[in-house]
Amino acid sequence: MGRDTIADIITSIRNADMNRKGTVRIASTNINENIVKILLREGFIQNVRKHRENQKSFLVLTLQHRRNSKGRYRTVLKRISRPGLRIYSNYQRIPRILGGMGIVILSTSQGIMTDREARLERIGGEVLCYIW
């Protein structure tokens, strides 16, 4: 049985955010590193460092806590495409989250990118997750 590493990232970040933890440790894979780079660039996390322990690599994320209108800390991450049901979209039908306030992470033929980058490049792909 395969593991869904993208769902593991999303769940780890969501759980740490709900419990107001400062750091999260996730497994280091190429897909995870690309998603973390997008999260860092978009301001959802503060810092990333690579940690090696017993021949295994980990990414240690320092979270960026943000308050919503009710004064709660909350970052919403939602997994869309999953191993049992893949969701694909062309560049014209990529959804806009909160009118462009959130981001959609896509896996395209050019690599993993955000919805804005995919629209500029005019390429579609697999919709991995929503973040707002």
Side-chain angles (χ1 to χ4, degrees):
M1 181 166 90
R3 291 186 47 136
D4 187 8
T5 58
I6 298 169
D8 290 343
I9 293 174
I10 290 171
T11 303
S12 298
I13 293 173
R14 187 183 313 123
N15 289 342
D17 189 47
M18 285 191 310
N19 292 322
R20 294 186 185 150
K21 299 280 184 184
T23 60
V24 177
R25 190 173 109 168
I26 59 172
S28 177
T29 64
N30 288 334
I31 293 173
N32 291 357
E33 289 179 13
N34 290 331
I35 291 173
V36 166
K37 285 178 189 176
I38 290 173
L39 292 174
L40 182 64
R41 189 175 61 228
E42 295 290 328
F44 289 100
I45 57 177
Q46 283 182 352
N47 191 14
V48 178
R49 62 185 168 87
K50 205 164 192 175
H51 180 69
R52 189 162 182 87
E53 184 177 300
N54 297 335
Q55 301 296 325
K56 293 184 180 179
S57 294
F58 296 98
L59 295 173
V60 180
L61 313 177
T62 305
L63 298 180
Q64 174 79 32
H65 292 293
R66 300 178 310 158
R67 290 182 186 232
N68 64 8
S69 61
K70 295 180 182 175
R72 296 182 190 142
Y73 294 95
R74 193 67 193 237
T75 299
V76 179
L77 296 106
K78 186 174 182 185
R79 178 82 158 116
I80 303 303
S81 186
R82 50 192 172 91
L85 178 65
R86 301 289 186 186
I87 306 294
Y88 296 95
S89 177
N90 63 8
Y91 77 95
Q92 297 162 333
R93 298 205 175 160
I94 297 172
R96 293 186 193 274
I97 306 301
L98 295 178
M101 297 284 289
I103 62 170
V104 177
I105 297 180
L106 296 146
S107 176
T108 66
S109 58
Q110 303 294 318
I112 294 177
M113 61 180 65
T114 64
D115 56 337
R116 283 176 246 136
E117 295 168 346
R119 283 189 198 98
L120 287 175
E121 297 284 331
R122 298 176 66 107
I123 54 176
E126 182 182 352
V127 180
L128 297 177
C129 61
Y130 297 158
I131 302 171
W132 70 89

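Being a predicted model, the structure only gives us computed values, none of them experimental.
Note: the hydrophobic cluster containing V127 also contains V76 (ILVMFWY, side chain heavy atoms under 4.5 Å, direct or indirect links).
With sequence neighbours left out, E126 forms a side chain to side chain donor-acceptor pair (under 3.5 Å) with S81, R86. Looking at residues two or more places apart in sequence or on another chain, you find a side-chain contact (heavy atoms from CB on, under 4.5 Å) between L40 and I45, V48. Under the rule for a side-chain contact (heavy atoms from CB on, under 4.5 Å), the partners of D8 that lie at least two apart in sequence or sit in another chain are R3.
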Please output the side-chain donor-acceptor pairs of residues 92-104 that fall under 3.5 Å, not counting sequence neighbours, one pair per line with the distance.
none

Just list the side-chain donor-acceptor pairs under 3.5 Å for residues 21-32, sequence neighbours left out, or say none.
{"unit_1": "S28", "atom_1": "OG", "unit_2": "E33", "atom_2": "OE2", "d": "2.7"}
{"unit_1": "T29", "atom_1": "OG1", "unit_2": "N32", "atom_2": "N", "d": "3.2"}
{"unit_1": "T29", "atom_1": "OG1", "unit_2": "N32", "atom_2": "OD1", "d": "3.4"}
{"unit_1": "T29", "atom_1": "OG1", "unit_2": "N32", "atom_2": "ND2", "d": "3.4"}
{"unit_1": "N32", "atom_1": "ND2", "unit_2": "A27", "atom_2": "O", "d": "2.8"}

When the side chains of residues 53-62 are checked against the rest of the protein, which donor-acceptor pairs come out under 3.5 Å, sequence neighbours left out?
{"unit_1": "E53", "atom_1": "OE1", "unit_2": "H51", "atom_2": "NE2", "d": "3.4"}
{"unit_1": "S57", "atom_1": "OG", "unit_2": "R52", "atom_2": "NH1", "d": "2.9"}

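At least one side-chain heavy atom of R79 sits less than 4.5 Å from a side-chain heavy atom of D4. Contact check for T75 versus L63: no side-chain heavy atoms found under the 4.5 Å cut-off. M113 places a side-chain heavy atom less than 4.5 Å from the side chain of I123. You'll find the side chain of T114 reaches within 4.5 Å of the side chain of R41, heavy atoms only.
Interatomic distance, L77 CG to I35 CD1, rounded to the nearest 0.5 Å: 10.5 Å. Atom OH of residue Y91 and atom CZ of residue R119 lie 11.5 Å apart, to the nearest 0.5 angstrom. Summarising the geometry, atom CG belonging to L120 is positioned 10.0 Å from atom CG belonging to D115; distances are rounded to the nearest 0.5 Å. L106 contributes atom CG, which lies 11.5 Å from atom CZ of R116 (distance to the nearest 0.5 angstrom).
Taking every heavy atom of both residues into account, C129 and I10 meet most closely at CB-CD1, 3.6 Å. W132 and F44 make their closest contact through C-CE2, 4.3 Å (heavy atoms, listed as atom of the first residue, atom of the second, distance).
With hydrogens and angles disregarded, no donor-acceptor distance shorter than 3.5 Å links the side chain of D17 to the backbone of I13.
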